[in-house]
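Structure first, then comments.
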Amino acid sequence: MQNKGISQAVIGRLPRYLRYLGDLRENGVERVSSQELSALMRVTASQIRQDFNNFGGFGQQGYGYNVDYLYTEISKILGLDHEHSFIIIGAGNLGRALGNYLNFERRGFIFKGIFDMNPELEGIEVRGVKIRRIEELEGFLKENPVEIAVLTIPKTGAVGLVDMLVSNGIRGIWNFAHVDLDVPKGVQVENVHLSDSLMKLSYNISRYNGSKKK
Ligand code: NAI
């Protein structure tokens, strides 16, 4: 399968396809046309065909898409056909909420550890995983290879941790700290800013109100 140089916009749409295909699969649907998927997902059929063409297309003329096959292929493209271990740094409100979210595990993201600088949190369990002190982090990584670090700490702390994380094998950072991180080539960072989405909502509300006033 050819999937080099695919735009991040397409990659960003794949999880949504996967969710819908997962629902279809659970409901016993075996095949779906781009028109049907288009009606379900409220995107154009041509967008769907274009997106899937990036990977050589998955469908057959007149048949549509085999749901199970498509689900499996998109899972593979997203790297969900194997497990990813992760740790959380910062066991505050956000860190604990993420640690408690079971669906990550169902997708193959395995919660290995959670660390915090606040000694009072040590030993408290988050979904069966004890909070450890941040001082233990480097030793932990040396003994337990981990792929992903989730940063749910303020930006100042995040910047100072990156080098240590990378030199101890971390390959991906899911960054909730409000700062852009400098990482070496080969290390991936995915920034999440929930407020961006909220501001988009605010924009859309304002725009709608604006158009109603006319
Ligand atoms: P919180 O105050 O409940 O938790 C932060 C935790 O991080 C505390 O337990 C603290 O002891 C620990 N901590 C701070 N610096 C540390 C360090 N260098 N090493 C280890 N532990 C450290 O805050 P909350 O609500 O959980 O938010 C965490 C961070 O994430 C905040 O900086 C906040 O700005 C950011 N945030 C980002 C969001 C986003 O969408 N990107 C959404 C919500 C929060």
Side-chain angles (χ1 to χ4, degrees), residues 7-19 78-80 84-184 186-208:
S7 79
Q8 288 292 309
V10 176
I11 300 295
R13 287 194 286 273
L14 294 185
R16 185 155 183 262
Y17 287 122
L18 200 66
R19 273 201 303 279
L78 289 172
L80 300 174
H84 302 274
S85 51
F86 74 93
I87 52 161
I88 297 174
I89 304 173
N93 293 309
L94 185 58
R96 283 195 241 181
L98 293 173
N100 276 313
Y101 186 54
L102 276 172
N103 265 344
F104 295 143
E105 214 92 359
R106 292 196 193 111
R107 286 270 183 231
F109 295 93
I110 312 300
F111 180 31
K112 291 282 192 183
I114 177 161
F115 298 82
D116 201 285
M117 73 182 334
N118 180 355
E120 286 175 19
L121 299 180
E122 189 178 6
I124 295 173
E125 287 196 2
V126 180
R127 203 152 50 79
V129 176
K130 284 198 168 77
I131 299 174
R132 290 180 165 86
R133 295 179 67 157
I134 193 72
E135 292 79 9
E136 293 177 47
L137 176 58
E138 188 163 6
F140 179 92
L141 289 176
K142 289 194 193 306
E143 281 175 22
N144 306 275
V146 173
E147 196 179 20
I148 298 170
V150 182
L151 298 187
T152 48
I153 51 176
K155 54 184 169 189
T156 42
V159 172
L161 274 173
V162 169
D163 286 350
M164 187 277 283
L165 292 172
V166 168
S167 59
N168 285 286
I170 292 292
R171 293 183 55 213
I173 297 178
W174 200 22
N175 178 33
F176 287 81
H178 296 296
V179 61
D180 292 323
L181 301 171
D182 285 325
V183 291
V187 176
Q188 311 301 323
V189 180
E190 183 64 29
N191 296 308
V192 183
H193 301 292
L194 298 177
S195 51
D196 289 6
S197 174
L198 198 56
M199 284 187 248
K200 209 168 138 205
L201 180 65
S202 155
Y203 167 80
N204 286 324
I205 291 171
S206 314
R207 200 179 56 160
Y208 182 74

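Order of listing sets the numbers, starting from 1, for every ligand and every atom in it. Excluded from the calculations below are hydrogen atoms, water molecules and symmetry mates; all remaining heavy atoms, backbone and side chain alike, are included.
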How long is the span from the CZ atom in Phe111 to the CG atom in Leu98, to the nearest 0.5 Å?
9.0 Å
I need the single residue from Lys130, Arg96, Arg132 that forms a salt bridge (Lys or Arg N to Asp or Glu O under 4.0 Å) with Glu125. Which is it?
Lys130
Let me confirm one number: the CD-NZ distance from Glu147 to Lys112, rounded to the nearest 0.5 Å.
11.5 Å
What does the contact table look like for ligand 1 (nitrogen or oxygen on each side, cut-off under 3.5 Å)?
residue: ligand 1; atom: 3 (O); partner: Asn93; partner atom: N; Å: 3.0
residue: ligand 1; atom: 3 (O); partner: Asn93; partner atom: ND2; Å: 3.2
residue: ligand 1; atom: 9 (O); partner: Asp116; partner atom: OD1; Å: 3.3
residue: ligand 1; atom: 9 (O); partner: Asp116; partner atom: OD2; Å: 2.7
residue: ligand 1; atom: 11 (O); partner: Asp116; partner atom: OD1; Å: 2.7
residue: ligand 1; atom: 21 (N); partner: Met117; partner atom: N; Å: 3.2
residue: ligand 1; atom: 26 (O); partner: Asn93; partner atom: N; Å: 3.1
residue: ligand 1; atom: 26 (O); partner: Leu94; partner atom: N; Å: 2.8
residue: ligand 1; atom: 32 (O); partner: Pro154; partner atom: N; Å: 3.3
residue: ligand 1; atom: 40 (O); partner: Leu194; partner atom: N; Å: 2.6
residue: ligand 1; atom: 41 (N); partner: Phe176; partner atom: O; Å: 2.8
residue: ligand 1; atom: 41 (N); partner: Val192; partner atom: O; Å: 2.6

Between Asp116 and Ala91 (side chain of the first, backbone of the second, donor and acceptor by atom type, cut-off under 3.5 Å), is there such a pair?
yes
Side-chain atoms of residues 155-167: list all donor-acceptor pairs with protein atoms under 3.5 Å, sequence neighbours left out, distances to 0.1 Å.
residue: Ser167; atom: OG; partner: Asp163; partner atom: O; Å: 3.0
residue: Ser167; atom: OG; partner: Met164; partner atom: O; Å: 3.3

Considering residues, nucleotides and ligands other than Asn204, do more than 12 of their heavy atoms fall under 6.0 Å from its CG?
yes
